[in-house]
Participant: 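The structure is given below, and queries will be raised subsequently.
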Amino acid sequence: MKRPHAAPKPAHPTHKRQKLEKPSAPAKLSAPRRKIRLDDLSWKAVSMPDRLEDFEGFYGLEEIDDVEVVREGATLSFGTRKSEEQIEREKEEGKTREEDEKRRFEEMKDRQGELDLDVGVEDEAVESEWEGFSDREGDAEAEGRGEEEPKPMSKKEKKEKKEKKEKELQERKERQKKERAAKKEAAEAADSIPAKEAKDNKDEEQREGSEKQAISSGAFDLLADKSEDEDDGDVDVSAWEDLGLSKETLASLSKLKFSEPTSIQSLAVPEILAGRDVIGKASTGSGKTLAFGIPILESYLKSPPNAKNHTPIALIISPTRELAHQLASHLTALCADGDFKAPSIATVTGGLAVQKQRRQLEHADVIIGTPGRLWEVISSGQGLLASIKKIRFLIVDEADRLLSQGSYKELGEILKILDHDDNTEEGAKPAPATEAQRQTLVFSATFHKGLQQKLAGKGPKGGGDLMNKQESMEYLLKKLNFREEKPKFIDANPTSQMATGLKEGLIECAGTEKDLFLYSLLLYHPKKRAVIFTNSVSAVRRVTPFLQHLDLPALPLHSGMIQKARLRSIERFTQRPGSILVATDVAARGLDIPGVELIVHYHLPRAADTYVHRSGRTARGSASGSSILICAPEEVAGVRRLVAKVHARNEAASGKKKSAYFIRTLDIDRRIVARLKPRAVLAKRIADATIAKEKTHSEDNWMREAAEELGVDYDSESFEKEAKGRKGRGAGRKKKEKEASRLTKGEMGALRAELKGLLGQRVNVGVSERYLTSGGIDVEALMRGEGNLEFLGDAGALGFED
Ligand SMILES: Nc1ncnc2c1ncn2[C@@H]1O[C@H](COP(=O)(O)OP(=O)(O)OP(=O)(O)O)[C@@H](O)[C@H]1O
């Protein structure tokens with residue numbers, strides 16, 4: 001029986017529960033029951049959870065045992081079989097207990113006070129240790145070595161000591177700041193830069209610093225910094241000597257630890273230095289950036305731009321924003337820490353503040369940008385246009401992409417404006433090609449076959465295998481207004497446009513099971529940095545959360561994202577080993593992220609060239625990697641043709657007899673896939689429902705806003721009813737989305753919990769049922785890189801072994 005402790009006594013105390021732990025002894029039961037007043041009994045306090053202590057008017061509970069409630073007619077009374085002596089004894093025991101309790105509480109309070117004091121002392125100890133790092137390190141040590149036990153400090157002493165330390169720290173900071181400023185002044189004086197120019201440079205540096213911070217979230221700075229992590233020793237660069245480079249460039253290459261040129265570099269650099277227009281083709285990841293970057297640096301070192309009448313040296317055009325930032329990083333890395341003032345590099349891409357970019361351009365030595373933003377910026381400022389016309393190099397990187405249909409419009413405008421003679425009348429033909437003073441350099445890993453044949457002087461004159469006139473490289477090359485009638489065509493890898501360390505394969509599955517097979521494939525490659533290519537923004541939006549729900553570190557990249565988010569994704573992907581980038585073809589070209597080991601084509605590439613470039617994100621330089629296509633059965637034949645086409649081109653170039661390349665089908669254990677299916681199905685449901693909810697929400701908002709603008713009432717339900725009658729394209733999908741969006745919070749929570757449960761379970765995926773029943777393999781362990789690869793395998797187990 002329990003009663004509230006110290007609370008006003010109820011008229012009729014309720015009998016809460018009979019204590020079970022003390023069953024009455026048979027002897028006691030036989031004792032006569034006496035009526036008793038409740039206050040005369042020995043109540044014991046019940047310990048309560050802390051949070052109840054402050055309950056208004058409720059201070060605690062007390063309990064009593066061996067009491068019976070006796071009903072006599074309408075009245076209740078209480079009886080006990082305990083003797084009076086026993087009750088008295090218990091009362092005494094209760095008092096002692098209460099006193100003990102009080103004493104323990106007081107002791108605990110004291111101890112708590114001591115503990116608080118200890119914390120203070122500990123802080124102080126840390127502070128006094130810190131003193132050892134101060135300028136007066138010796139003093140601090142000498143103090144510490146004192147033979148007598150130091151006396152505890154008073155509060156005043158502690159305060160004074162703290163203030164003194166803060167003052168010292170402040171003074172040290174001031175001193176260091178002054179030293180830095182003095183050093184900078186001395187360096188500027190040594191360079192004998194006139195005061196105004198020095199100020200301009202300083203302003204520019206500051207502007208550049210803040211611009212750089214604003215435009216890049218650091219992803220490509222990381223690429224630029226990668227040499228810093230390595231040890232500082234420079235490498236022997238004698239292998240570069242034949243190329244006729246300056247000692248400054250050689251020193252920079254040594255710092256980058258590039259001991260020898262790649263083949264495209266050794267072939268293209270001398271030609272460019274000799275003043276030739278060059279069309280360079282080399283496989284992905286073979287160092288094309290420096291093939292044109294080195295000659296730009298050489299030209300800059302040979303005749304730095306005149307500070308008073310500044311004009312940029314080079315204009316580099318890139319098909320994507322990410323590639324533009326990466327090119328800037330690679331060139332920055334080449335020029336960083338050199339024994340010369342580094343050229344100023346401006347990156348001009350969409351998605352970032354145009355005003356800042358315009359300001360940067362005024363002082364840029366090298367301009368790198370995407371066609372749309374470049375056009376916007378160049379065309380809007382006459383002064384800028386006049387100076388850009390004087391560039392020494394025009395570089396079109398990933399030229400076949402930039403010059404292809406759909407992308408060419410703005411590039412065409414830029415080229416037109418660059419060649420437009422301001423003295424010719426409006427509407428007249430642009431200035432003749434011979435007037436172009438610049439060198440034009442065009443690079444890619446893939447060029448159209450017709451162009452190659454034409455350049456090699458082998459191809460049919462016009463028509464033949466060329467695309468239609470509008471698209472053809474021949475037509476577009478005319479637009480580039482080469483200085484020479486026949487630019488130098490360099491094919492560094494005539495027999496192979498695919499990287500040498502690349503393994504290719506395909507996995508066949510039902511079109512509706514691509515998600516499941518993608519998940520399984522990623523589990524086969526635990527902790528490997530991978531890029532998943534899809535053909536649409538919506539697929540990226542769907543596949544990324546699908547993988548994330550399955551606890552895989554997926555990051556999205558597509559053109560629908562704001563630029564900062566795009567750069568952030570690349571930054572995280574670069575920083576975190578084992579992460580997975582789910583991307584559209586915006587990531588297919590040029591991106592140079594170290595350590596990518598796996599490329600998955602979730603959607604098939606639409607063209608052979610896209611296949612080459614996507615696959616080229618792995619196996620770069622001397623590294624190796626795999627490129628795997630996930631195909632529905634009806635897609636297999638097309639895929640085989642596409643991949644065979646890529647390889648057939650190589651054989652044609654090498655003059656070998658044609659033999660169709662046959663991409664191998666990789667074995668993925670269907671039993672493993674079947675075990676993983678429940679997880680994949682759940683993850684897909686959750687991802688689809690989340691997207692459908694967001695979509696419905698934003699559609700609703702859009703309709704509401706439109707209705708408001710029209711001044712009509714918007715009622716989503718009546719809209720829906722009306723729409724029900726209409727059936728058209730996508731009606732089934734819409735219905736599914738609607739259903740998915742209707743999942744309640746609770747239902748979503750339940751799905752998540754179920755998935756969590758599944759992900760927490762071991763998945764037995766042995767190679768035989770015997771193995772399955774006797775323990776098997778833990779996929780989670782595999783994902784941690786601890787699994788038994790003998791069974792789940794790496795690429796070798798997928799059939800890549802030779
Ligand atoms: N001489 C060299 N020695 C070693 N590494 C080099 C050398 N030149 C360039 N690299 C490095 O090789 C990597 C690939 O270079 P880059 O991005 O220029 O390739 P790419 O041919 O342009 O590839 P893609 O066709 O995919 O754009 C970069 O990380 C670059 O720093």
Side-chain angles (χ1 to χ4, degrees), residues 219-220 222-230 234-243 245 249-250 252-269 280-297 316-320 322-336 368 395-402 441-447 490-493 496-502 531 570 574 585-596 599 609-623 625 627:
F220 296 103
L222 284 172
L223 295 175
D225 287 349
K226 70 181 171 187
S227 59
E228 280 176 19
D229 295 338
E230 293 154 16
D234 294 349
V235 299
D236 173 20
V237 285
S238 50
W240 290 87
E241 273 161 15
D242 289 350
L243 272 58
L245 305 180
T249 304
L250 289 175
S252 292
L253 289 166
S254 172
K255 279 193 182 117
L256 286 174
K257 301 193 191 316
F258 292 169
S259 58
E260 54 180 349
T262 63
S263 60
I264 185 70
Q265 289 162 359
S266 49
L267 292 168
V269 170
K281 175 179 164 287
S283 54
T284 50
S286 62
K288 291 187 285 293
T289 310
L290 290 197
F292 59 79
I294 291 171
I296 294 176
L297 175 59
I316 305 173
I317 306 178
S318 141
T320 66
E322 284 75 15
L323 180 55
H325 287 283
Q326 181 186 290
L327 291 170
S329 293
H330 281 186
L331 296 187
T332 306
L334 176 68
C335 304
I368 305 171
I395 293 114
V396 186
D397 196 18
E398 305 292 344
D400 53 330
R401 169 81 178 83
L402 273 171
L441 313 173
V442 179
F443 281 87
S444 186
T446 48
F447 279 113
I490 297 170
D491 189 350
N493 308 87
S496 145
Q497 59 191 332
M498 303 301 278
T500 39
L502 185 76
V531 185
I570 300 256
T574 311
D585 283 323
V586 78
R589 293 261 181 172
L591 277 194
D592 177 50
I593 293 169
V596 174
I599 301 297
D609 292 350
T610 312
Y611 175 69
V612 173
H613 287 280
R614 282 181 177 185
S615 305
R617 297 318 100 211
T618 186
R620 297 178 70 74
S622 52
S627 174

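Note that ligands are numbered from 1 as they come in the structure, with each ligand's atoms numbered from 1 the same way. Below, all heavy atoms of this structure are taken into account, side chains as well, without hydrogens, waters or symmetry copies.
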Participant: With atoms numbered from 1 as shown, which atoms in ligand 1 lie under 4.0 angstrom from a non-hydrogen atom of Ser286?
Facilitator: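 That gives atoms 19 (O), 20 (P), 21 (O) of ligand 1.
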Participant: Do side-chain atoms of Ser266 reach the backbone of Thr262 as a donor and acceptor pair under 3.5 angstrom?
Facilitator: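 Yes.
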Participant: Under 3.5 Å between some N or O of ligand 1 and some N or O of Gly285?
Facilitator: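 Indeed, backbone or side chain, Gly285 has an N or O that close.
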Participant: Would you check whether Glu260 reaches within less than 4.0 Å of ligand 1, judged by its heavy atoms?
Facilitator: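 Glu260 counts as a contact of ligand 1 under the 4.0 Å cut-off.
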Participant: Checking Arg620 against Asp592 for the salt bridge (charged side-chain N to carboxylate O under 4.0 Å, His left out) test, could you report, in this order, the C-alpha distance in whole Å, the side-chain angles of both residues, the deciding distance, and whether it holds?
Facilitator: CA-CA 8 Å; Arg620 297 178 70 74; Asp592 177 50; 2.7 Å; yes
Participant: Ser283 heavy atoms, cut-off 4.0 Å: which ligand 1 atoms fall inside?
Facilitator: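 Counting atoms of ligand 1 from 1, those under 4.0 Å from Ser283 are 21 (O).
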Participant: Check each atom of ligand 1 against the heavy atoms of Gln265 and keep those under 4.0 Å away; list them by number with element.
Facilitator: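 Within the 4.0 Å cut-off of Gln265, ligand 1 contributes 1 (N), 2 (C), 7 (C), 8 (N), 9 (C).
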Participant: Is there a side-chain contact between Ile296 and Ile395 (heavy atoms, below 4.5 Å)?
Facilitator: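 Yes; the side chains approach each other to less than 4.5 Å.
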Participant: Within the 4.0 Å heavy-atom shell around Thr289, which atoms of ligand 1 are there?
Facilitator: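 Every atom of ligand 1 under 4.0 Å from some heavy atom of Thr289: 16 (P), 17 (O), 18 (O), 22 (O).
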Participant: Considering the heavy atoms of Asp592, write down every atom of ligand 1 situated less than 4.0 Å from one of them.
Facilitator: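 In order of numbering, the contacting atoms are 13 (C), 14 (C), 17 (O), 28 (C), 29 (O).
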Participant: Any side-chain heavy atom of Leu402 sitting closer than 4.5 Å to one from Asp397?
Facilitator: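 No - every pair of side-chain heavy atoms lies 4.5 Å or more apart.
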Participant: Can you sort out which atoms of ligand 1 are near His330, meaning under 4.0 Å from one of its heavy atoms?
Facilitator: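 So the atoms of ligand 1 that pass are 17 (O), 28 (C).
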Participant: Relative to the heavy atoms of Arg617, which atoms of ligand 1 are at a distance of less than 4.0 Å?
Facilitator: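 Answer, ordered by atom number: 26 (O).
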Participant: Is any side-chain heavy atom of Val396 closer than 4.5 Å to a side-chain heavy atom of Leu441?
Facilitator: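 No; the side chains remain at least 4.5 Å from each other.
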Participant: Report the part of Trp240 (side chain from C-beta onward, or backbone N, CA, C, O) that has a heavy atom under 4.0 Å from ligand 1; answer both or neither where that applies.
Facilitator: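 Trp240 to ligand 1: side-chain contact only, backbone stays beyond 4.0 Å.
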Participant: Would a 4.5 Å heavy-atom cut-off, applied to side chains only, mark Thr446 and Arg589 as touching?
Facilitator: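 A side-chain contact exists here, since the closest heavy-atom pair is under 4.5 Å.
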Participant: Could you tell me whether the side chain of Gln265 and the main chain of Gly287 form a donor-acceptor pair under 3.5 Å?
Facilitator: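 Here the side-chain-to-backbone pair exists.
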Participant: Any nitrogen or oxygen of Gly616 lying under 3.5 Å from a nitrogen or oxygen in ligand 1? Just yes or no.
Facilitator: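 Such a contact does not occur with ligand 1.
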Participant: Arg620 heavy atoms, cut-off 4.0 Å: which ligand 1 atoms fall inside?
Facilitator: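 Those of ligand 1 that fall under 4.0 Å from Arg620 are 14 (C), 16 (P), 17 (O), 19 (O), 20 (P), 23 (O), 24 (P), 26 (O).
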Participant: What do you reckon, does Arg589 put a non-hydrogen atom under 4.0 Å from ligand 1?
Facilitator: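 Outside the 4.0 Å threshold, so no.
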